[in-house]
Amino acid sequence: MSLERFALAVRREERDIDLAQACLLIAQDPYPTLDVGRYMDEIERMALRLRADMPETLDLEERIVALNEFLYGELGYRGNTRDYYDPRNSYLNEVIDRKTGIPITLSILYMELGRRIGLPLEGVSFPGHFLVRLKLRGGVLVLDPFSGGAPQSEDDLRKRVKRVIPDGVADDLPAAELPLDQFLEAATNRQILSRVLRNLKGIYREIDKPERMLDVLNRMLLVTPDASAELRERGLVYHRLECYRAALKDLSDYAEREPDAPDLDEVRGKLFELSALCARLN
């Protein structure tokens with residue numbers, strides 16, 4: 001049922017996808033009894049408290065200050081630097097309950113509150129560290145919700161980009177010349193959900209939780225049905241979990257979609273093995 005609700009939530013037009021709701025639906029995999037409505041109401045209550053103390057005359061920059069003081073000062077939210085790869089940091093219900101998270105989940109909460117107080121914040125899928133941006137008359141203000149909503153200078157952003165540019169490129173390119181515009185484009189809700197799920201997939205792969213990986217991959221393929229790499233990976237996870245028919249279907253579909261894939265010989269070997277295993281089940 002949770003997967004069906006998520007499918008309905010992400011099949012909408014981009015502008016109609018409720019980001020907070022979709023994130024909470026993702027959390028119903030490890031927390032099957034999670035009450036999505038209760039957490040949505042909690043976000044509304046937080047926004048109401050914030051609005052109650054805000055004069056309507058505040059400009060956008062002053063609203064950012066008020067949001068930061070409320071979320072990080074009054075409520076005590078913070079980036080989880082001590083246990084960054086704890087999967088709980090990627091589930092919005094846990095972020096709200098524990099008041100800590102990673103850049104993308106804190107950014108989602110930051111944007112959700114911001115939009116409710118008149119701040120048209122947008123997510124920025126920056127390399128290695130999710131950020132948010134706010135368009136102003138004089139340009140674009142980039143903020144880091146993981147670090148208390150701190151504004152990011154051009155120099156800060158260039159240093160961030162330089163840290164993640166592949167070896168052999170950054171060495172010959174001065175930081176002052178690194179292109180920023182391409183990294184500061186607004187992320188769509190689908191892109192944000194995909195990044196949340198990629199983070200979880202990486203965590204569960206690292207700690208070897210194939211059942212959790214399967215949950216995540218099921219949702220990834222609802223957000224991006226054409227993602228061939230995820231289809232292949234789900235097939236391999238199914239194989240590992242001894243769901244041979246499901247594995248055979250996914251890997252067959254992958255081979256059909258990607259006839260020139262560099263790993264096609266390996267996949268064909270898996271298909272031969274799976275066909276034999278499925279025959280034994282009949």
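All values below were derived from every heavy atom in this structure, side-chain atoms included, with hydrogens, water molecules and symmetry-related copies excluded. Quantities reported herein were computed from a predicted structural model and do not represent experimental measurements.
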Transitively linked via ILVMFWY side-chain contacts under 4.5 Å: L119 with V142? no
Output yes when R158 and E154 qualify as a salt bridge under the 4.0 Å nitrogen-oxygen rule, no when they do not. yes
Is it true that E112 and R116 have a side-chain N and a carboxylate O under 4.0 angstrom from each other? yes
Pairing of D253 and K249 as salt bridge, 4.0 angstrom limit: yes
Charged N-O contact under 4.0 Å between D215 and R219: no
Any side-chain heavy atom of N89 within less than 4.5 Å of one from E94? no
Assess the residue pair V132 and F126 against the criterion (side chain to side chain contact (heavy atoms under 4.5 Å, CB included)); give the C-alpha distance rounded to whole Å, side-chain angles, the decisive distance to 0.1 Å, and a yes or no. CA-CA 9 Å; V132 301; F126 206 77; over 6 Å; no
Side chain to side chain, F130 and T105, heavy atoms closer than 4.5 Å: no
Taking only residues two or more places apart in sequence, or in another chain, which ones meet L236 in a side chain to side chain contact (heavy atoms under 4.5 Å, CB included)? R232, L251, K270
Would you say the side chain of P30 lies within less than 4.5 Å of the side chain of R212, judging by non-hydrogen atoms? yes
How far apart are the C-alpha atoms of K201 and M213, what are their side-chain angles, what is the distance that settles it, and do they pass the side chain to side chain contact (heavy atoms under 4.5 Å, CB included) test? CA-CA 6 Å; K201 183 180 72 169; M213 273 191 68; 4.1 Å; yes
Do you reckon L121 sits in the same ILVMFWY cluster as I117, going by side-chain contacts under 4.5 Å, direct or chained? yes
Using a 4.5 Å cut-off on heavy atoms from C-beta on, say whether the side chain of R115 contacts that of M111. yes
Between the CG atom in D29 and the OG atom in S2, the distance rounded to the nearest 0.5 Å is 5.5 Å
Would you mind checking if R98 and D83 are paired as a salt bridge, meaning a charged N to carboxylate O distance below 4.0 Å? no
Quick check on the hydrophobic clustering: are M220 and L19 connected, directly or via other members, by side-chain heavy-atom contacts under 4.5 Å? yes
For S194, what residues pass the side-chain hydrogen bond (donor to acceptor under 3.5 Å, both in side chains) criterion, not counting sequence neighbours? none
Gap between atom CD1 of I17 and atom CZ of R190 - 0.5 Å precision: 3.5 Å
Sidechain-backbone polar pair: E14 side chain, N189 backbone, donor-acceptor under 3.5 Å: yes
State, yes or no, whether a side-chain contact exists between E62 and D59 at a heavy-atom distance under 4.5 Å. yes
Taken to the nearest 0.5 Å, the spacing of L109 CG from K99 NZ works out to 11.0 Å
Scan for ring pair (Phe, Tyr, Trp, His ring centres under 6.0 Å) pairs involving residues 22-50, sequence neighbours excluded, and state none if there are none. Y31-Y91
If two hydrophobic side chains count as joined below 4.5 Å and joins carry through other members, does I207 share a cluster with V216? yes
Return the set of residues passing side chain to side chain contact (heavy atoms under 4.5 Å, CB included) with E211 (not counting sequence neighbours), or none when no residue passes. L241
What is the distance from atom CD of E42 to atom CG of D35, rounded to the nearest 0.5 Å? 12.0 Å
Tell me, with the steps shown, if M46 and L71 meet side chain to side chain contact (heavy atoms under 4.5 Å, CB included). CA-CA 9 Å; M46 290 166 65; L71 191 61; 4.1 Å; yes
Side chain proximity check, D144 to Y110, heavy atoms < 4.5 angstrom: no
Could you check whether S228 and E258, counting side-chain N and O atoms only, form a donor-acceptor pair closer than 3.5 Å? yes
Does the pair C23 and L193 meet the rule for a side chain to side chain contact (heavy atoms under 4.5 Å, CB included), with working shown? CA-CA 7 Å; C23 287; L193 291 171; 3.8 Å; yes
Could you list all the ring pair (Phe, Tyr, Trp, His ring centres under 6.0 Å) pairs where at least one residue sits in residues 139-159, not counting sequence neighbours? Y84-F146, H129-F146
Above 12 or not: heavy atoms from other molecules or residues under 6.0 Å from CD of E206? no
Around atom CZ of R11, are there more than 12 heavy atoms of other residues, nucleotides or ligands at under 6.0 Å? no
Determine whether L184 and L60 fall in the same hydrophobic cluster, where Ile, Leu, Val, Met, Phe, Trp and Tyr are linked whenever their side-chain heavy atoms lie under 4.5 Å apart. no
Would the number of heavy atoms belonging to other residues, nucleotides or ligands and lying under 6.0 Å from CD of Q182 be above 12? yes
Contact between R82 and T100 at the side-chain level, heavy atoms closer than 4.5 Å - yes or no? no
Check: T188 main-chain N/O paired with Q191 side-chain donor or acceptor under 3.5 Å: yes
To the nearest 0.5 Å, what is the distance between CZ on R198 and OG1 on T224? 8.5 Å
For R240, the side-chain hydrogen bond (donor to acceptor under 3.5 Å, both in side chains) test, sequence neighbours excluded, returns D208
Got a sec: does the CZ of R15 have more than 12 other heavy atoms crowding it under 6.0 Å? no
Separation between CZ of R51 and CZ of R63, rounded to the nearest 0.5 Å: 10.0 Å
